[in-house]
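To start, the structure itself, in structure tokens.
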Amino acid sequence: MQLPKFHYGTRHLIDSTAIRGILHNSKVFPRSHVLELYPGIGPFSNEIQKLYNPPHHLLLEPRKNFKATLSENFPNLNNCELDPYDWSTYHILAKSQELNFHPLIQDWSKPNDDLVFVANLTNPHNEGLLMQWLDCITRRNWLYKFGKVPMIIWINSHLAGKLLAPYGSSLRSKRSTFMETLTEISVLAHHKDETYPGVKNHIVETQDSNTKPQEIVEFDDSMIWPIKATKSASSESIVCLKVVPNGKEIDFEPWEFITKHLYMSKITPFKDIADSLGHGGYEYFEPQFRDNQELWNKKPVNMTPKEFIEISNVFMNWPFKPDYRSDFLNIFSEDM
Amino acid sequence: MLRSTVRSRSVNLNLAVSSSTASSLSSRFIGCNDSCKRYISSKGSNLLASLDVNNSSVKSSFEVAPQQRKLNKPQIDLGFWKSSKFSINPNFEPFDRSYRSIINSSSTNRSVMQLWSLLEACLCSNYVDRAFHILESLYAIKPHRINFIDDYNMYLSYLADSGKIKKLSDLSLKVTRDLEKHFPDSTYNDRTIAILVHFALSFSKRSDFGSYITDINTFFSMSNNKNAKKAVLKNTDIFTLNDYKLLRDLNLVEASELPIAIRNIFDKNPSYPSEDTEKTIPPIKSAKSIPETNTNDLKNDDPTLQQLKTSPSEEAILDPDDTEISKKWDLNENIDTIEKDAGELLSVDTIGMKVIRHSLQGLSLTETQKQKIASFNFDSETSILATKLEDKSVDFYEIYCSLKTDAEREKFDEFLENFNQDRQRVLETRSTEAAKERWKHDFMDAKSRGEAPFEKKLNVKLWEWYSQMLPLIKKEVEQANELLQDSLIDKRKAGGISSDYAPYLNLVDPEKMCVITILELLKLNSTGGVFEGMRTARAVISVGKAIELEFRSEQLIRNEMHTFKNVSTKPHVFKKYVWSAKKRLRDHNIEKSKIEWPQAARAQIGSIMISTLLHVAKVNVRGHDPKTNKYVYGELPAFSHSYQYHNGAKIGVLKIHKSLIKQLNGERLATSVQPQQMPMIVKPRKWVSWNSGGYHYSQSILIRTRDSPEQVAYLKAVSEENLIPTIYSGLNVIGLTGWTVNRKVFNVLSEVWNTGKQFLDIPGIQDDMVVLPPLPSNAEPEEVREWKLKNKEIANKISSDRSVRCDSNYKLEIARAFLGEKIYFPHNLDFRGRAYPLSPHFNHLGNDMSRGLLIFWKGRRLGPQGLKWLKVHLANLFGYDKASLDDRIAFANQHIEDLKDSAEHPLDGKGWWQSADKPWQALATCMELNEAFKLENPEDFISHQPVHQDGTCNGLQHYAALGGDVEGAIQVNLVPSPKPQDVYNHVAKLVEARLDVAAKEGDETAKILQGKITRKVVKQTVMTNVYGVTFIGATRQIAKQLTEKFDDKQLAFEYGGYLAKHVFAAIRESFKGAHEIQDWLGECSKRISRAIRLDVDSKSFRNGNKPDFMSSVIWTTPLGLPIVQPYRDESKKQIKTNLQTIFIADPLAVNPVNARRQKSGFPPNFIHSLDASHMLLSATKCGEHGLDFASVHDSYWTHACDVDKMNYLLREEFIKLHEVDLIERLKTEFNQRYKDYLQVCKIPRTSPLARKIVECRKQLSTKLGRPATLADEIHEEKIRKELLNSIESEKQEAGKNMVTTVSIAEDYKDIDTLLKATACHMPILTPLTLPPIPTKGQFDVQELRKSAYFFS
DNA sequence: CGTAGAAATACTGATATAAGTGCTAGCAAATTA
DNA sequence: CGCGTTGCTATAGACAATATCAGTATTTCTAAG
């Protein structure tokens, strides 16, 4: 197999047996529409095509090095070379007759069984992009307008640790709570040496809450290309996750406001940061939670999704609540 | 310390040699050919006065090439030579030798500054024991030990005054014991003796005082100084006036031994109240006894006044120190010591009134005017800003203008100067009290009227907050005190504050601290990119700083009170002596204060204050309850501490509640928020040293340093050697220019303002933010993004509009407060030497509105030329400034009707003035001209309007002069021409031409842009090009201009980038000389900022092969000001406070330089340092010729009738500046300053040189027994240089034979070609060399003398 | 009572945070086959 | 060793990230000698 000279820090699992295992375990295939975002050098795509040959199988890989390698190694794969980063790409996709990629729009009451999208976001640079995609779950736009579409992503282990961080963990963040609240998330494959990337014994601890027990494919360094993102990079590996929206409906904006501000000081008990939720926050929330001292004293890193929602609801009833919708307007760069 | 002194002394010797062979040092490694070439074509050879190298009997280690061009030493030294020489080998440890990071604030390893400030704090709050512990820590810092005695003296002086020591013997014993036991390395000095003497004198009232006299004599005899008594008595801040008096009375010292300021008081005031008179003369108890005194006064002084009238020439001397005038004042005054009690103060004021009345005699004032002035309360403790307009009945300006003769006017000026002293003091020191009283007043007012909580005025609220906050703060202070008392060494926290910071809480009156806190927070509204709030970090630091500032200024006053204890200043004339003495002493005292609170302490104190305020400050608000769907009312905290994310970074934010914001937008802020740095109503203190000048009660520093100790060190060094007199004189001229507010313009502005609507550049009031409606919940991501961006833009616009309006509000209110006053703007410099007024809000550097509001205090008859220039000025303000002068005059003449209408009906007329480029100034000028035209002969009009003369693209003018660039010189009017050249238009045309070419070749973008290139589009880019604008910066500027034409931001940006390329090329094309110089400057700075000292501290190599570059670019301006580019990596650190941790830089750290910024900053900074020099030179000259002068960097202002004179002077000064080849001189200075520095170059590994060096490194490695590093190579080279410079011939020989990697590189001939090779990977050390100077062109700077449009 | 060792605390440096990367050039540094 | 890659920063003023954690240094406390 031809390999490009440089890889932008993107890493791939190149062992076809392992890939087949993952594809099988994911319980997603076969599908009629498969969209691959940043497939990289394409080993995953190749297996998908070989195994299932989906009728609509489209790759979006604009990067010069990878593009070339792809077409050289797998001339059969259909890479339309649009950049998955651009929102406009998806509009082009929707309009284009030529590409003929028009999945069914399905209802959110059941999982989508028509479309799956696969992405390799192992480049740490792409973390932001993943976050934006995930945010689309709340508005049900972008690819999620087709319904509860499963997403299979390759990310570096560290990022996975953030998404999956258990209660109390130092990596527990707004994003972990988000994942727990709005998605079903499972690990499809990880490195054999990583008990769990970044988080100790993570899988054991969170299996019941977040991570559906599945057969997990384990791989080793020899199956990864390149072995290290950079010479000096940490020895962490990459992980394959499956993420499906769970269809829960929440009033997102207040929830977002509350989680954002509470996680700001994430090991400070709620009662001590209530004030930062708005002018007179303590005075308002204190009586509201007099009967729920446990939550009142709880640290955000230990709060359950339910509890965040509860706080958001209480917040909504506050006559003097700040304008949570324009919170983002409160700060701007001075030079314009 | 010791070591460095020795070293620098020896270098100084070298310098003595090298300065006489100045040129020999230049271009040791460059070969002299280049510098010769530069002048081959030059006509200016007559300027090249030379130093004769051959006459120099001393041989430098460098051979002097015979054909080398000599550096021209000018006939007149503007200050460069001495200063440069001095700063090249300064008397302090150089900053590029090693790291100096004092970040770690652990108790064992605190910086001297931290300890000082802590020591001071402990002493001021009377924790003497604790202070002693700090002394011990200070003593433990070995390098500091030389100066330790000063710290001990500080301690001792507080101890003596604390009352803790009862007996003289106890104190002297303690001193002996401390110095022997605890601090054996330190010995007492004269100051120590002064403290002892002062202490001994405090026993003067005791019956056995006689025995103390012997002690005092013993103390004096302890001094090592030849003139012991004089030296001891110099410590004016230790002795009180009574001390001096006593010493004189007891004949312990001679009059000649007293400091001059003190001597003056005694000499000129035989009636100076001694303690005896105090006893014998019963204090005046009631107003009844006053009339007699007054009548006496009035009778007595008549002859004097006669005298005054007849001798105007003598009157011209305004300096209160002057003996002549003092004598006159003497005659009619009766001075009494008056004890302070309320009844008396009243009567004293009455006396004051009479004094005022009589001092105005001889002026042709109407009775009403006299009455008004006399009843004006000059002693009021109410600040100008708090005085209501209705209460202010006197318009000094009007009175001044009504005076008939120059002599009268001068007398009146003198009168104002004297009687405003107290008002100035109030203005500077009582702003917080003024604010507080204002709040209280409004609160009481509201209370008596029984207002509902929702109608509460801002001031009422502020008063409530204040009164609730005060007890809490008092408690906090108490706690801090307990903590300090409880445990001496215990550092644990108690009540939130650690004992490290507790002392600071004690220094300022809690009342003041509370007021300061509230004021600061209100001032910070909408700063730091926070909508309706501020950044916590900034708030905390600002409050801390403000409190520190208050402490400093109180301390000054306390010192003054200490010296003048028991001396009444009420009798107005005696006051004058005291004032002059105080002024002198103040200079002295201010200079001494060197202590700053550490950032952490500021932050701590600030956070304590703010968090307390957060708890008490409440506002009443209405909210909507979603449950009941009803409106509810409640009281909420006015401030809320929370956080915001900005690009993933957390930012601590203090939000202000909307309801308060509304109020802040509506009210006249200046009455609630007292800005502290105001214009002055008496003359600013003259600049006499690096930190003494400007305001009377606060310290200002000559140069606004960005907390860079390096800049301060250089400045201080030259200041202490008194090497920068021209800088001072220039600044003093600007500072002495008297201004006043243009009442007519003010009235128009005020009317417009009160409508609350938008007018010209003043935005209207905007209470609510109108944002775009929310999007449907399933909007696509890009729509959401778009929506967010647009809303941000809206918010940003509102926020900036509000702050502009708020700023205008400040300006307007300040202008209102100073209506009719004579005001001054004290100035200081930025680090490049450009002058800025110290008062930030309202000054002549401000926007058009501020400028329009200001006129000169002094008026001058227009005369024929003045009238012309005023007309030209009008045309200029309308943007009609590219025509010939005659055309501009014609322009004004054509618009006489418009002008009249504008002046007489500014708001209800045609409003012609509003269409001007600078409408407010245009309005002022219209009014001025209109008044003039009313006269039979307009030339008789007395004009106060400043007329501007602007340099055409001043930066390029300097570049053209530097490069002798003929083409460039023509473009920027250095060459005489019948019509002014318009650079911007020129460039625009060039760009247009380039576009035409491109369009012909089928360039689509060019086709679109054709014909759209106006002057305006390129103007900013051409201008900023001099300042080193980058490509992207230029793109933005052009895009901004293009958005007006294209509307599509994206597109505009694209075209902007395209055009920027062409503009750059066009500029390069037409200012070739300028660019060569620019590039050369850039290259020099690049090399310097990547250079290493030979004696670099190898410990500061974190990695032996990767040196950290520590040398910043330093140069000396033609006036001798050393300039240090302060661009270093800043190491910021998190500091815990009560509210949150904040992230601030350690101002004292010395980090590696930021090479990039050093490089990009140098060319523009160098040019700025030149234009600043030109300005200061012109200012000094104008001052000498009696012109009023003001400047906005490259725009010089004076009276219309003086424009011609100023034009002549500024041209002469420009020529004087550029007569010398500044570039050549700069290079020489660099070569001296960075002599023996090394630079790291990269060469191909394969080259023969590389192989040689590798070989040498191998040898070194074997010698060291470990792999050699670059640091080792530097060390080797250092040894070699030392040997070479040795006096012993053996060692010299050894040096010559020694081979180091550097010497190999040095001997290698063709290093330049190696450096140009494509693959350079091997780092090697070479001596620092500077590139050859570009050839100088034909242009002779003398030509500009005849250029009318050089400045116009 | 002085002291070794443990526990507690203080200090330092690293890292996560949010979530379009407003765009392009030029240089320096690290990386790679 | 020649190469292409990646990352950083973009006028000058003059104005600013912060909470938490892990690891280490220092101080304090404890308890046995």
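Every chain is numbered from 1, with letters handed out A, B, ... down the list of sequences.
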Roughly how many Å is it from [atom1] in [X] to [atom2] in [N], rounded to a whole number?
X	N	atom1	atom2	result
B:R1157	D:dC8	CZ	P	17 Å
A:I273	D:dT20	CD1	P	8 Å
B:K1136	D:dA19	NZ	C1'	11 Å
B:L654	D:dA17	CG	C1'	14 Å
A:L129	C:dT21	CG	C1'	11 Å
B:L1059	C:dA25	CG	C1'	17 Å
A:W87	C:dG20	CH2	P	8 Å
B:K650	D:dT20	NZ	C1'	7 Å

Compare the minimum distances between each of [options] and the side chain of [X], then state the nucleotide with the smallest one.
X	options	result
A:S170	C:dA19, D:dC21, C:dT21	D:dC21
B:Q1020	D:dA16, D:dT11, C:dG20	D:dT11
B:F1143	C:dA19, D:dA17, D:dT20	D:dA17
B:T1141	C:dG20, D:dA19, D:dA16	D:dA19
B:R704	D:dA19, D:dA14, C:dG26	D:dA14
B:F831	C:dG22, D:dG13, D:dA17	D:dG13
A:T268	C:dA19, C:dT17, D:dT20	D:dT20
B:Y645	D:dA10, C:dA25, C:dA18	C:dA18

> Between A:Y263 and C:dT17, do the rings stack, that is, sit under 5.5 Å apart with planes less than 30° off each other?
Replying inline: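 Not stacked by the 5.5 Å and 30° rule.
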
> So, do A:Y85 and C:dG20 meet the stacking rule of ring centres under 5.5 Å and planes under 30°?
Replying inline: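 Yes; centroid distance and tilt both under limits.
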
> So, B:D1171 and B:R834, do they make that salt bridge, N to O below 4.0 Å?
Replying inline: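 Answer for the salt bridge query: yes.
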
Residue matched to [N] through Watson-Crick or wobble contacts both under 3.5 angstrom:
N	answer
C:dG22	none
D:dA12	none
D:dC1	none
D:dT6	C:dA28

Heavy atoms under 4.0 Å, any strand shown: does [X] hit a base, just sugar-phosphate, or nothing?
X	answer
B:F1064	nothing
B:H1168	nothing
A:L130	nothing

> Hey, are B:E780 and A:H91 close enough side-chain-wise for a donor-acceptor pair under 3.5 Å?
Replying inline: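 Distance-only check fails for A:H91 and B:E780.
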
> Does a side chain donor of either A:N330 or B:Y645 reach within less than 3.5 Å of an acceptor in the other side chain?
Replying inline: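 No, B:Y645 and A:N330 have no side-chain donor paired with an acceptor closer than 3.5 Å.
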
>> Is it the case that D:dA19 (base atoms only) and B:Q1140 (side chain only) share a donor and an acceptor within less than 3.5 Å, ignoring hydrogens and angles?
In response: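 For B:Q1140, whose side chain was compared with the base of D:dA19, there is no donor-acceptor pair (under 3.5 Å).
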
>> Here's a test of your reading of the structure: between A:M264 and B:V1029, which maps to the more 5' nucleotide of DNA chain D?
In response: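 Its nucleotide being nearer the 5' end, the pick is B:V1029.
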
> 5'-most contact on DNA chain D: B:T1024 or B:I1144, nearest heavy atom basis?
Replying inline: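 It is B:T1024 whose nearest nucleotide is closer to the 5' end.
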
> Rounding to the closest angstrom, what is the interatomic distance between D:dC3 and C:dA25 at atom P?
Replying inline: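 Going atom to atom, P in each nucleotide, I get 22 Å.
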
>> Rounding to an integer number of angstrom, what distance separates D:dA19 and C:dG20 when you compare their C1' atoms?
In response: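 Comparing C1' positions in D:dA19 and C:dG20 gives a spacing of 25 Å.
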
Quick one: pull up [atom1] in [X] and [atom2] in [Y] and give me the separation to the nearest 0.5 Å.
X	Y	atom1	atom2	answer
A:F178	A:I137	CZ	CD1	5.0 Å
B:Q599	B:I1144	CD	CD1	4.5 Å
B:N847	B:D807	CG	CG	7.0 Å

>> Quick one: does any side-chain atom of B:K792 pair with a main-chain N or O of A:F332 as donor and acceptor, under 3.5 Å?
In response: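 Looks like no, no N/O pair under 3.5 Å.
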
>> Taking the axis from the first five pairs and the axis from the last five, what angle separates them in the helix from C:dT3-D:dA31 to C:dT17-D:dA17, rounded to 10 degrees?
In response: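 Axis angle across the helix from C:dT3-D:dA31 to C:dT17-D:dA17, nearest 10°: 10°.
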
> Starting at the 5' end of DNA chain C and moving along, which residue's nearest nucleotide shows up first, A:N126 or A:K260?
Replying inline: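 Result: A:K260.
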
> If each of B:K1086 and B:Q1134 is mapped to the nucleotide of DNA chain C with the nearest heavy atom, which maps nearer the 5' terminus, i.e. the 5' end?
Replying inline: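 It is B:Q1134 whose nearest nucleotide is closer to the 5' end.
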
With respect to the phosphate group of [N], does any side-chain polar atom (N or O) of [X] fall under 4.0 Å of OP1 or OP2?
X	N	result
A:H158	C:dA16	yes
B:Y1058	C:dA25	no
A:K162	C:dT17	yes

>> B:E520 vs B:K523, test: salt bridge (charged side-chain N to carboxylate O under 4.0 Å, His left out). Steps then yes/no.
In response: CA-CA 5 Å; B:E520 284 298 318; B:K523 268 184 230 169; 3.6 Å; yes

